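Working notes, structure below.
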There are 2 protein chains.
Amino acid sequence: MLFADRIKQLREQKQMPQRQLAAALEIDTATYCKIERGERRAKREQVSTLADLLETDKDQLLNLWLAEQIYSVVKDEENAEKVLDIVHESVIEYKSGFKK
Amino acid sequence: MLFADRIKQLREQKQMPQRQLAAALEIDTATYCKIERGERRAKREQVSTLADLLETDKDQLLNLWLAEQIYSVVKDEENAEKVLDIVHESVIEYKSGFKK
DNA sequence: TTATATTTGCCAAATAATGTCAAGACAAAA
DNA sequence: TTTTGTCTTGACATTATTTGGCAAATATAA
């Protein structure tokens, strides 16, 4: 489950209306609705705010937020798994000090 | 090695000037230069054209092209690997028929 | 019904991406 | 040094994408 589904799940668990979250993010409820349905992307700072309001772990939620962005790149790709492997390799190389 | 580095490597192996590839892609050499340096993103169709000119496998090059896009999302992230794992999971779920 | 919540479509504004031009840097000759 | 060709950079205009709001439509309750 990625970001959009997750914040919806959390919100429903807490029985909060979208309106309340939208207000906290200072956006229209329609916009918030779109974020929850994956039609709009939340901003990074908004993820943090949401984690607070929904009382969930910031890092975990941020990971889902990032995952959703990546997913949108590969979701229709035949070789999605292979591509992810390639990136995984690059991340490891990067961390091992082979910067840039 | 991701897309940008790879096309540069191939071009140098074949000792072709950027000018030649730029012409084939119908873009300015400056633009091509930026693509090769990762400052601009090639279009999907351009990847195919490049694979032809550089005589390399299309799918493989396309994978690198996708990888580069993903990498740009997670490269500065602490939890890059974890995020990739999450996406990997989602991809598997998707393929297993749990559409949408 | 009435009230509240969510969703949708459309629009304008904001933001990001793209490509070109002109100039600069650089190396290898000549 | 001057020339030639290649590559790179920065500023800028153009284009494309994203964003959020509004209003209307559709649910969901009460």
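Every chain is numbered from 1, with letters handed out A, B, ... down the list of sequences. Note that the structure is predicted; figures quoted are calculated from it, not measured. All values below come from the heavy atoms of this structure, side chains included, with hydrogens, waters and symmetry mates left out.
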Original post:
Going by modelled atom types, is there a donor-acceptor pair between the base of C:dT20 and the side chain of B:K34 at under 3.5 Å?
Top reply: yes
Subject >> Whole angstrom value for the distance that separates P of D:dT19 from CD of A:E45 >> reply: 12 Å
Subject >> B:Q15 CD to C:dA28 P, straight-line distance once rounded to whole Å >> reply: 14 Å
Original post:
Quick one: A:Y32 OH to D:dC22 P, roughly how many Å, whole number?
Top reply: 19 Å
**OP:** Go through D:dT8, C:dT6, D:dG21 for me and flag the one nearest to the A:C33 side chain.
**Re:** C:dT6
Original post:
Just by distance, do the side chain of B:T49 and the backbone of B:E45 share a donor-acceptor pair under 3.5 Å?
Top reply: yes
Subject >> d(CD1, A:I7; P, C:dT6) in whole Å >> reply: 12 Å
Original post:
Counting any heavy atom closer than 4.0 Å, what does A:K43 reach on the DNA or RNA strands: base, sugar-phosphate only, or nothing?
Top reply: sugar-phosphate
**OP:** Return the value, rounded to whole Å, for the distance between atom CD of A:Q69 and atom P of C:dA16.
**Re:** 13 Å
Subject >> Rounded distance in Å - CD (B:E39) to P (C:dT20) >> reply: 15 Å
**OP:** Quickly, which of A:R41, A:R6, A:R11 forms a salt bridge (charged side-chain N to carboxylate O under 4.0 Å, His left out) with A:E36? Name it, please.
**Re:** A:R11
**OP:** Look at A:T29 and C:dT6 and indicate whether a side-chain polar atom (N or O) is within less than 4.0 Å of OP1 or OP2.
**Re:** no
Original post:
Taking atom C1' of C:dT18 as reference, at what distance in whole Å does atom CZ of B:R41 sit?
Top reply: 12 Å
Original post:
For D:dT6, does OP1 or OP2 lie under 4.0 Å from any side-chain N or O of B:Q20?
Top reply: no
**OP:** Measure the distance from CZ on B:R11 to P on D:dT6 and round it to the nearest whole Å.
**Re:** 10 Å
**OP:** Mark yes or no for whether B:E68, through its side chain, and B:A4, through its backbone, hold a donor-acceptor pair below 3.5 Å.
**Re:** yes
**OP:** Establish, with yes or no, whether the OP1 or OP2 oxygen of D:dT8 is under 4.0 angstrom from a side-chain nitrogen or oxygen of B:R37.
**Re:** yes
**OP:** State whether the side chain of B:E77 and the backbone N or O of B:V74 hold a donor-acceptor pair below 3.5 Å, judged by distance alone.
**Re:** no
Original post:
Side-chain contact, heavy-atom cut-off 4.5 Å: B:M16 with B:L54?
Top reply: yes
Original post:
Below 4.0 angstrom from OP1 or OP2 of C:dT18, is there any side-chain N or O of B:R40?
Top reply: no
Original post:
Of all the choices, D:dT8, C:dT7, C:dT20, which nucleotide is nearest to the side chain of A:K8 once you look at every atom?
Top reply: C:dT7
Original post:
Among D:dG21, D:dT9, C:dA5, which nucleotide sits nearest the side chain of A:I27?
Top reply: D:dG21
**OP:** For C:dT18, take OP1 and OP2 only and decide whether either is under 4.0 Å from a side-chain N or O of B:T31.
**Re:** no
